[in-house]
Asks: 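Once you've had a glance at the structure underneath, I'll fire off some questions.
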Amino acid sequence: MGVTSAIVLYAVIWFLTFLVIIPIRLETQGDKGDVMPGTHAGAPEKHFLKQKAWITTGVAALIWGITAWIILSEVISVRDFDWMGMLPDRD
């Protein structure tokens with residue numbers, strides 16, 4: 001895995017993790033009972049984005065480390081997914 005591949009893999013894992021972490025502990029204006037005029041009741045009252053971004057960075061680094069180890073050690077390789085036998089044989 002090259003440097004560019006590793007960076008792209010981390011970015012994809014980071015954004016996917018961020019999308020999972022965003023709704024955790026989300027307090028909406030409707031939950032608080034204090035809906036500002038002109039906003040939706042589902043709009044966040046407190047979103048804690050900075051804290052969630054730091055948590056995401058740590059969790060994504062852990063997931064990326066495990067994934068990078070699996071790729072580099074070839075515990076699972078592309079050939080494991082070649083169920084149709086379309087890849088050429090490696091000598």
Side-chain angles (χ1 to χ4, degrees):
M1 175 169 46
V3 174
T4 306
S5 302
I7 292 170
V8 169
L9 179 63
Y10 182 77
V12 169
I13 291 172
W14 192 93
F15 280 105
L16 287 174
T17 306
F18 193 55
L19 290 174
V20 169
I21 290 179
I22 283 177
I24 297 173
R25 288 186 47 210
L26 181 67
E27 299 173 355
T28 64
Q29 293 179 10
D31 293 340
K32 294 287 189 174
D34 184 25
V35 180
M36 298 291 290
T39 62
H40 192 274
E45 178 73 24
K46 297 186 184 234
H47 47 71
F48 305 109
L49 278 181
K50 189 174 187 178
Q51 181 182 15
K52 289 179 182 183
W54 282 109
I55 292 169
T56 299
T57 302
V59 171
L62 179 67
I63 294 170
W64 177 83
I66 293 168
T67 306
W69 175 79
I70 289 171
I71 291 170
L72 293 174
S73 66
E74 296 184 358
V75 171
I76 299 173
S77 70
V78 174
R79 299 208 175 275
D80 294 332
F81 298 101
D82 185 26
W83 55 274
M84 293 180 64
M86 301 289 285
L87 290 175
D89 289 332
R90 197 188 303 176
D91 293 342

Asks: Closest approach of Ala41 and Thr28, non-hydrogen atoms and distance?
Replies: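 Closest heavy-atom pair between Ala41 and Thr28: O-CB, 3.6 Å.
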Asks: Which heavy atom of Pro44 sits nearest to which heavy atom of His47, and what is that distance?
Replies: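 Shortest heavy-atom contact: CB-CB, 4.2 Å.
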Asks: Going by the rule side-chain contact (heavy atoms from CB on, under 4.5 Å), which residues pair with Phe48 if we only count those two or more places apart in sequence or in a different chain?
Replies: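 With neighbours one apart ignored, the set is Arg25, Lys46, Gln51, Lys52.
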Asks: Spell out, yes or no, whether Leu72 and Trp64 are grouped together once hydrophobic residues are joined by side-chain heavy atoms under 4.5 Å, including indirect joins.
Replies: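 Linked within one cluster.
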Asks: Would a single hydrophobic cluster contain both Leu49 and Leu26, if residues Ile, Leu, Val, Met, Phe, Trp and Tyr are joined by side-chain heavy-atom contacts under 4.5 Å?
Replies: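 No, separate clusters.
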Asks: Are Leu16 and Leu62 connected in the hydrophobic side-chain network, where two residues link if heavy atoms are under 4.5 Å apart?
Replies: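 Shared cluster, no.
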Asks: Rounded to the nearest 0.5 Å, what separation is found between the OG1 atom of Thr17 and the CD1 atom of Ile55?
Replies: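 Spacing of OG1 (Thr17) from CD1 (Ile55) equals 12.0 Å.
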Asks: Distance-only criterion, 3.5 Å: show the donor-acceptor pairs between side-chain atoms of residues 2-14 and protein atoms not counting sequence neighbours.
Replies:
unit_1, atom_1, unit_2, atom_2, d
Tyr10, OH, Thr57, O, 3.3
Trp14, NE1, Thr57, OG1, 3.1

